[in-house]
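Written out below as structure tokens is the structure these notes cover.
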Amino acid sequence: MPDNGGIIGVSDHGGWAVLVTVARDGTLLDRRRVELVDESLPSIPHHHECQLLPVDEAVALVERVRVSAEKHAVLALDAVTSVVPSILGVALRSCPQLPPTIAERIKDYRARNVADWVMYRRALASAAEARGWPIYWYDAKTVLDSATRALRATNFDAHFLQTGREIGPPWNKDHRLAMAAAVVTAALSQ
């Protein structure tokens, strides 16, 4: 493993994420799928379960999921540092603005459709910041083109596919997005 550390790129979903860690030159150091919520809790409460509950119960449910997400985010980053001890930063998908309270997010149609994803991103960001790691926010729509430029390559996908051939499955679109974000962030952090 290179001694200059690694950048973690994240492709998040409702209750889980793919983390891809690369060295500054784009070399893969680690990849993993992590759970971000306890099995006993819903993974997208704003969007689904809270729509069926009275507001006070819905807010309490989101709080339980948030606490679980924060715990799991710490565990996920612990797992990465067991393989890559020196982390230089974390790349997370940009978060849209949301209403300030949980109750408002539950009631607002647009907000409840993204609030769960934002909750998981913020949990990962908090866990990283607690370790003193910088957070880099990326735009999923532009990160692949930016990764191509960061690698000074003709096409990021060629680098991604070659890495996939070397390491084998799983190696999918989530790994692609997370790796691209990590590559771009590695170039920015030099």
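Each residue takes its place number in the sequence, starting with 1. Keep in mind that this is a model prediction, so the values were computed, not measured.
The aromatic rings of W16 and H13 lie parallel to each other, with less than 30° between the two planes, well short of the 60° mark.
Between S43 and G14 the shortest heavy-atom distance is CB-O, 3.3 Å. A182 and I8 get closest at one heavy-atom pair: CB-C, 4.2 Å. Scanning all heavy atoms of the two residues, the minimum distance from L151 to G26 falls at CD2-CA, 4.3 Å. Of all non-hydrogen atoms in Y120 and P42, the two that sit nearest each other are OH-O, 4.2 Å. For the residue pair L28 and V22, the shortest heavy atom distance occurs at CA-CG1, 4.3 Å. Smallest separation of non-hydrogen atoms from I135 and A128: CD1-CB, 3.4 Å.
Judged purely by distance below 3.5 Å, without hydrogens or angles, the side chains of S126 and E129 never pair a donor atom with an acceptor atom. Between D25 and T27, the side chains place a donor N or O and an acceptor N or O closer than 3.5 Å (distance only, hydrogens not considered). Remark: the H46 side chain and the D116 side chain contain an N/O donor-acceptor pair separated by less than 3.5 Å.
No more than 12 heavy atoms of other residues, nucleotides or ligands sit less than 6.0 Å from atom CD of Q97. In the displayed structure, R165 atom CZ is contacted under 6.0 Å by more than 12 heavy atoms of other residues, nucleotides or ligands. Residue E39 places its CD atom among 12 or fewer non-hydrogen atoms of other residues, nucleotides or ligands, all under 6.0 Å distant.
At a threshold of 4.5 Å between side-chain heavy atoms, the hydrophobic network of Ile, Leu, Val, Met, Phe, Trp and Tyr places M119 and L61 in one connected group. Transitive grouping of hydrophobic side chains (ILVMFWY, heavy atoms separated by less than 4.5 Å) brings V65 and V55 into a common cluster. L98 and I44 fall into different hydrophobic clusters, defined by Ile, Leu, Val, Met, Phe, Trp and Tyr side-chain heavy atoms under 4.5 Å apart, directly or through other members.
Under 4.0 Å is where a charged nitrogen must lie from a carboxylate oxygen, and between K107 and E104 no such pair does. One finds no salt bridge joining D139 and R93 here, because no Lys/Arg side-chain nitrogen approaches an Asp/Glu carboxylate oxygen to under 4.0 Å. A salt bridge links R176 and D157; the closest N-O separation between the charged side-chain nitrogens and carboxylate oxygens is under 4.0 Å.
Atom-to-atom distance recorded for S94:OG and Y138:OH is 8.5 Å, nearest 0.5 angstrom. We find the CZ-CG distance between R121 and D12 to be 4.0 Å, quoted to the nearest 0.5 Å. To the nearest 0.5 Å, atoms CD (E57) and CD (E49) are separated by 13.0 Å. A distance of 7.5 Å separates CG of L188 from OH of Y136, quoted to the nearest 0.5 Å. The distance from the CZ atom of R105 to the CG atom of D108 is 10.5 Å, given to the nearest 0.5 Å.
Residues V114 and H47 are not in side-chain contact: their nearest non-hydrogen atoms beyond the backbone lie 4.5 Å or more apart. Annotation: side chain of V83 is not in contact with side chain of L29 (no heavy-atom distance under 4.5 Å). Between W133 and L88 the shortest side-chain heavy-atom distance does not fall below 4.5 Å. The side-chain heavy atoms of R112 and C50, taken from C-beta on, include no pair separated by under 4.5 Å. Inter-residue side-chain proximity for R110 and P96 is flagged as met; some heavy-atom pair is nearer than 4.5 Å. In this structure, the side chains of D38 and H72 come closer than 4.5 Å at one or more pairs of heavy atoms. A heavy-atom distance below 4.5 Å is found between the side chains of M179 and H159. The side-chain heavy atoms of Q51 and I106, taken from C-beta on, include a pair separated by under 4.5 Å.
Listed for the T148 side chain is no donor-acceptor partner under 3.5 Å among the backbone atoms of N155. Listed for the W171 side chain is a donor-acceptor partner under 3.5 Å among the backbone atoms of F160. In this structure, the side chain of R24 does not engage the main chain of A186 through any donor-acceptor pair within 3.5 Å.
Under the side-chain contact (heavy atoms from CB on, under 4.5 Å) rule, V34 has a single partner from L19, L124, L77, which is L19.
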